[in-house]
Amino acid sequence: MTYKSRQQTVSNEDHLHDKDNNISAVLSESLDDNIKIIEELFKNCADIVKREVKVDCEQPFRIYGVYTDGLINRDILERYLLTTILNYKNLQGQIKDPETTRTQLIMQHFSATFDVKETDKMNDLVKATLSGDSAIFVEGCSKGLIIATRGWPGRSIGEPSTESVVRGPRDGFTETIRFNTVLVRRRIRDTKLKFKAISYGTRSKTDIVIAYIEDIAKPELVNEVEERLDKYVIDAILDSGYIEQLIEDSWKSPFPQTQATERPDKFAASLLEGKVGILVDTSPFGIIVPATLNSFYQASEDYYQRWQIMSFTRILRYLVSFLSFTLPGLYIATLNFHPEILPTPFAISIAASREGVSFSTVTEVILMEIVFELFREAGIRAPGAIGHVISLVGGLVIGQALVDASIISPMILIIIAFTAICTFAVPDYNLTSAYRLVRYLFVLFAAVFGLYGFLLAMLLVLAHLSSLESFKVPYLAPYNISDQNGSNDLKDTFFRFPIFTQTTRPIFARAMQKTRLRLKNRETSGDVPPASTKQGNRDGSDQK
């Protein structure tokens, strides 16, 4: 199915839904007919306010306003717009052109906001009413007005709870999509930054924004995002998680193929690399595509502090993430099949700690993994203060009780606790969720085949990651790219090289916009710095 045919399918489904609700009609010049449709559509809707008023002028006429209580700014609608119209006595005398309609006159002279649209479709007026705008019907006009009066309550901008930093901005996305676009626009003051707005969901009519920088993002990537969004017809979108699952490449993989973030600085940085972002109304998480495995290890704070300490931190993240899903399996394989590789004192200590334990090592590991998963889930669902108490006290008390009852050995408790700490050290929650599932694969293979099974599980995971793609970009990029651009991208992987050495954008950007940093005192118009300056080596370019 082509992109155009998918669009037609979506519009057909919307049309069928609108037809069932009698909102596909075109406005009538008879105000009473329009009122009849509105009254029928919003029957038993206590939050919808409908008011008919009379404009007193040379030729009096009626207007009919509709809005959703709690979603509008009453000052704009009532104090400025309606009061001005109702108190104006010479409305008819202002019509100099006989073809000027009453709605056009209101748009030209009486609107308190620049954002006013004229439409002849009942569907547009109803959707605007439910979105927080106000709809005005005018007697004798076959067109209505949509007045931008949105003023719904929302959470104030605060620090993201899932991506806190020591140094860096403290603002985060909220559930209001317009606040989120402002936070991004504040960081990228470029006319090339585009926010393409669409409505998704036949019933929810959720506002979605596709964000990209026009001359940096590849057009085929933007088109691919739009095509995947148009692929499905869904009744409601309640969070950005819906969008993630609809547009991902491989739904069978536990590894995330899109990146979610609450930080507008991280979102803006990704757009500057040539990626495409998606913002969903009512969701504080923005989506970034394409996503690679390396991008999940990059935190915003990595670029705000010195490169030496952040390179060390980046290496530590890779190491602990590897241990987070391999350590239990490696312990089982070593203890059950190859204890001879352990130092003798250490092996004797483990054997002594297991004295009196009636369960096998595999059973102990699986039991403690399930217990820690329960603690994690209980800590998330319980209220803030209680959740921390459950996670800390519950783990200590129950863990010690299991050891004292000889149900598990102390070494198992140490292994599982250290594994949990390693999991929390990974900066992206979605990636740690995948590692939690992969951990059981390593436990199973190690329990059956020992170290051979451990290596087999490692090969299976690597083969799976090598086969994954995110919007036609290899999941393991830039590790599997051997050209010059790939070598430049390696400067922001295990090591975070200094900023002045990262002169080119990653593989996601257009070829004509690869350069993102250069010396200001260049001799030529090219990207190569002058060879006579010592600073010429700092941007990573070869001197000629």
Side-chain angles (χ1 to χ4, degrees), residues 250-257 293 296-297 317-374 376 399 402-403 406-426 430-469 474-476 479-480 494:
S250 177
W251 61 271
K252 297 179 181 179
S253 175
F255 290 92
Q257 293 126 59
L293 183 64
F296 292 107
Y297 291 93
R317 288 178 193 154
Y318 275 94
L319 176 62
V320 298
S321 66
F322 176 77
L323 295 177
S324 67
F325 63 89
T326 59
L327 189 58
L330 186 61
Y331 176 77
I332 292 174
T334 304
L335 194 64
N336 288 359
F337 292 87
H338 309 280
E340 66 278 1
I341 66 176
L342 296 175
T344 302
F346 185 53
I348 294 174
S349 176
I350 293 178
S353 66
R354 288 189 49 79
E355 185 178 358
V357 177
S358 55
F359 293 103
S360 64
T361 305
V362 179
T363 305
E364 291 180 83
V365 169
I366 295 177
L367 176 62
M368 286 306 300
E369 285 287 353
I370 295 175
V371 169
F372 268 83
E373 290 292 338
L374 290 176
R376 181 186 287 112
L402 291 174
V403 172
S406 298
I407 297 177
I408 63 171
S409 63
M411 184 55 66
I412 290 293
L413 187 60
I414 294 174
I415 292 292
I416 300 302
F418 184 74
T419 301
I421 294 175
C422 292
T423 302
F424 292 128
V426 180
N430 290 330
L431 185 62
T432 61
S433 299
Y435 286 159
R436 284 157 56 187
L437 291 179
V438 172
R439 189 184 305 156
Y440 293 99
L441 174 69
F442 279 83
V443 169
L444 176 63
F445 274 72
V448 177
F449 303 107
L451 285 179
Y452 297 103
F454 179 86
L455 295 176
L456 179 59
M458 181 63 68
L459 291 176
L460 289 176
V461 172
L462 288 176
H464 175 68
L465 293 176
S466 300
S467 65
L468 277 183
E469 288 186 348
Y475 200 64
L476 293 182
Y479 305 118
N480 57 349
F494 293 106

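- Annotation: the span from I332 atom CD1 to T334 atom OG1 amounts to 10.0 Å, rounded to 0.5 Å.
- No side-chain heavy atom of C422 sits under 4.5 Å from any side-chain heavy atom of L327.
- The distance from atom CD of Q257 to atom OG of S250, rounded to the nearest 0.5 Å, is 5.5 Å.
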*Take L367 and I412 through the test side-chain contact (heavy atoms from CB on, under 4.5 Å) and record every step on the way to the result.*
CA-CA 10 Å; L367 176 62; I412 290 293; over 6 Å; no
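- The two atoms that bring T423 and S324 nearest to each other are OG1-CB, 3.6 Å, heavy atoms only.
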*asked:* Quick one, I416 with E364, criterion side-chain contact (heavy atoms from CB on, under 4.5 Å). Give me CA distance, side-chain angles, the key distance, then yes/no.
replied: CA-CA 10 Å; I416 300 302; E364 291 180 83; over 6 Å; no
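- Within a 6.0 Å sphere centred on CD of E355, other residues, nucleotides and ligands contribute 12 heavy atoms or fewer.
- Residues meeting the salt bridge (Lys or Arg N to Asp or Glu O under 4.0 Å) test with E373, sequence neighbours left out: R376, R436.
- Residues F454 and F445 place their aromatic rings such that the two centres sit no closer than 6.0 Å.
- Between M458 atom CE and L451 atom CG the span is 11.5 Å, to the nearest 0.5 Å.
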*Between F359 and I408, does a side-chain contact (heavy atoms from CB on, under 4.5 Å) hold up when you go through it step by step?*
CA-CA 7 Å; F359 293 103; I408 63 171; over 6 Å; no
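- Among the candidates N336, T419, I350, I414, the single residue satisfying the side chain to side chain contact (heavy atoms under 4.5 Å, CB included) test with Y331 is I350.
- Closest approach of S321 to Y318, counting heavy atoms only: OG-O, 2.8 Å.
- A pairwise comparison of heavy atoms in A434 and P256 identifies CB-CD, 4.3 Å as the closest pair.
- Taking the six-membered ring for Trp and thresholds of 30 and 60 degrees, Y435 and F255 have ring planes more than 60 degrees apart, a perpendicular arrangement.
- Using modelled atom types, no side-chain atom of S349 and backbone atom of F346 make a donor-acceptor pair closer than 3.5 Å.
- Residues A420 and F372 share a closest heavy-atom pair of CB-CD2, 4.2 Å.
- Heavy atoms of other residues, nucleotides or ligands lying less than 6.0 angstrom from CZ of F418 number 12 at most.
- Looking at L413 and L402, their side chains never come closer than 4.5 Å, going by heavy atoms from C-beta outward.
- Listed here is the closest heavy atom pair of I366 and V443: CG1-CG1, 4.3 Å.
- Expressed to the nearest 0.5 Å, how far CG of L444 lies from CZ of R439 amounts to 15.0 Å.
- Considering OG of S467 and CG of L462, their distance stands at 11.0 Å, rounded to 0.5 Å.
- Counting heavy atoms from C-beta on, the side chains of I415 and M368 never come closer than 4.5 Å.
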_Between L459 and L455, does the side-chain contact (heavy atoms from CB on, under 4.5 Å) criterion hold? Intermediate values first, please._
CA-CA 6 Å; L459 291 176; L455 295 176; 5.6 Å; no
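- P328 approaches L323 most closely through the heavy-atom pair CD-O, 4.4 Å.
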